[in-house]
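Worth saying up front: this structure is predicted, and the values here are computed from it rather than measured. Atoms within a ligand are numbered from 1 in the order they appear, just like the ligands themselves.
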Amino acid sequence: MNTFEYLRPSALAEVLQLLQDDPEAKLLAGGQSLLAAMKLRFAAPTKLIDLQGLPALRSLHLDGDALWIGAMCSHAQVAASTLVRQSVPMLAALAGGIGDQQVRNRGTLGGSIANADPAACWPAGVLALNGTVCTDRREIAADDFFQGLFTTALESDEVVVGVRFPRTPSAHYRKFEQAASRFALTGVAVAQCTQGVRVAVTGLGNGVTRWREAEEVLSRQWSPEALDGLHFDETQATGDVHASAEYRAHLALVLTRSAVQHLLQTA
Ligand SMILES: Cc1cc2nc3c(=O)[nH]c(=O)nc-3n(C[C@H](O)[C@H](O)[C@H](O)COP(=O)(O)OP(=O)(O)OC[C@H]3O[C@@H](n4cnc5c(N)ncnc54)[C@H](O)[C@@H]3O)c2cc1C
C-alpha cells in the first residue's frame, strides 16, 4: 500500500474543502471495499477522509412519510432497526444478509452505493424501491444514480449524506449467494410501489439494472405465473469463473418468481 494521510474531520464543510483541495483524496466510510482495493493497488489515494467523525450521517429516522437512512449507517444498524423493519422490511433483511458480522458492522449504505459493485445488494434495494440519493448538493433519483459497473452519477468531490426511501411494506430481496463472500451471484429486489411494480437485478456483471418486461407483466398481474414465458436477456449478463451469463440470466427469472411467491404468501 502507498503512504497516505489519514484525516478525520468533524464537519461536512471541512470534508468538502478537503476533497476540493486534493482531487486524489478519497472518502473512507467502512473501508470494506476501499481498503481491499488499496491493498491490491487498484486505488492509491493521497488522503483518506474518514466520515466516522460525522455522527449526523448515522441518523435513521422517518422523514415525513419516508424512511431516511444516513450514509454512514452500517448494514448491522439497518438490519437491527425496528423502524426499518416496520416501514421497509426488505431493507432490514437485505442488510442482514450482507457478508459476515464484521462486514456488516463496518460497511455502510453510503459506501456501498458510491462503490456500485456489480454484485452488491444495496443498489438493487435502492433501485427497486425508487429511493432518492441525497448528497451535499442535490437529490438524485435511483434511476439516474446507478450508471453501470462501479459507476454512479456522483461527482468526484460529492458526498452522499443519505437515502430517502418511500415506505414500502410489500418488497422482497432474494439473492443466490457467491458461497465465500455472500455477494450476489444474482440478486433480485421486487417492490410493489405506488406507480406499479419495480424489479431490480444485481450480480449480472455490468451494474444493477431494472427488468422492465418483468415489471410490466407483474404490474398487470401480480402472480408468479405472470412471468411464464419471460426470459431475462442473457446478453445483459457477463460470465466469469463463478457462473456463466446464461446461468445468471436464468437466476434472474427464478429469483423474481420466488420473490413474488414469497410476497403473496406473507401478504
Ligand atoms: C468479505 C466481504 C463480503 C462482502 N459481502 C457483501 C455482500 O454480500 N453484499 C454486498 O452488498 N456487499 C458485500 N460486501 C461489501 C460491503 O457491503 C462494503 O461495506 C461496501 O461495499 C462498501 O461500504 P464501506 O462503507 O465499507 O465503503 P468504503 O470501502 O469505505 O468506501 C467505498 C467507496 O465509496 C466511497 N464512499 C464511501 N462513503 C461515501 C459517501 N458517503 N459519499 C461518497 N462516496 C463515499 C469511498 O470513497 C470508496 O470509493 C462485502 C465485503 C467484504 C469485504
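Among all protein heavy atoms, the one lying closest to atom 28 (P) of ligand 1 is Gly31 N, 3.4 Å. Annotation: atom 49 (O) of ligand 1 to nearest protein heavy atom, Lys26 NZ, 3.5 Å. Leu27 O, 3.1 Å is the protein heavy atom nearest to atom 46 (C) of ligand 1. At the top of the distance list for atom 17 (O) of ligand 1, counting protein heavy atoms only, stands His75 NE2, 2.9 Å. Atom 25 (O) of ligand 1 has Thr108 OG1, 2.6 Å as its closest protein atom, hydrogens excluded (heavy atom only). Looking only at protein heavy atoms, the nearest one to atom 38 (N) of ligand 1 is Ala29 CB, 3.5 Å. Nearest to atom 24 (P) of ligand 1 among the protein's heavy atoms is Gly30 N, 3.5 Å. The protein heavy-atom contact nearest to atom 5 (N) of ligand 1 is Ser181 O, 3.2 Å.
Looking at Glu155 against ligand 1, nothing comes within 4.0 Å, counting heavy atoms. In Leu51, the part holding a heavy atom less than 4.0 Å from any atom of ligand 1 is the side chain.
Between atom 6 (C) of ligand 1 and the options Val15, Ile98, Leu35, Leu109, the minimum heavy-atom separation is to Ile98. Taking only non-hydrogen atoms, the option from Cys121, Ser156, Ser33, Gly187 nearest to atom 20 (C) of ligand 1 is Ser33. The closest heavy-atom contact to atom 23 (O) of ligand 1, among the options Ala114, Gly162, Gly111, Ala119, comes from Gly111. The residue from Val103, Val160, Thr152 that puts a heavy atom closest to atom 16 (C) of ligand 1 is Val103.
Checked by distance only, ligand 1 and Leu34 come closer than 3.5 Å through their nitrogen or oxygen atoms.
With respect to Arg248 and Asp240, a salt bridge is recorded, a charged nitrogen being found less than 4.0 Å from a carboxylate O.
Under the side chain to side chain contact (heavy atoms under 4.5 Å, CB included) criterion, Asp22 pairs with Glu24, Ala25, Thr46, Lys47, not counting sequence neighbours.
Each ring pair (Phe, Tyr, Trp, His ring centres under 6.0 Å) pair with one or both residues in residues 213-263, not counting sequence neighbours, appears once here: His172-His262, Trp211-Phe232.
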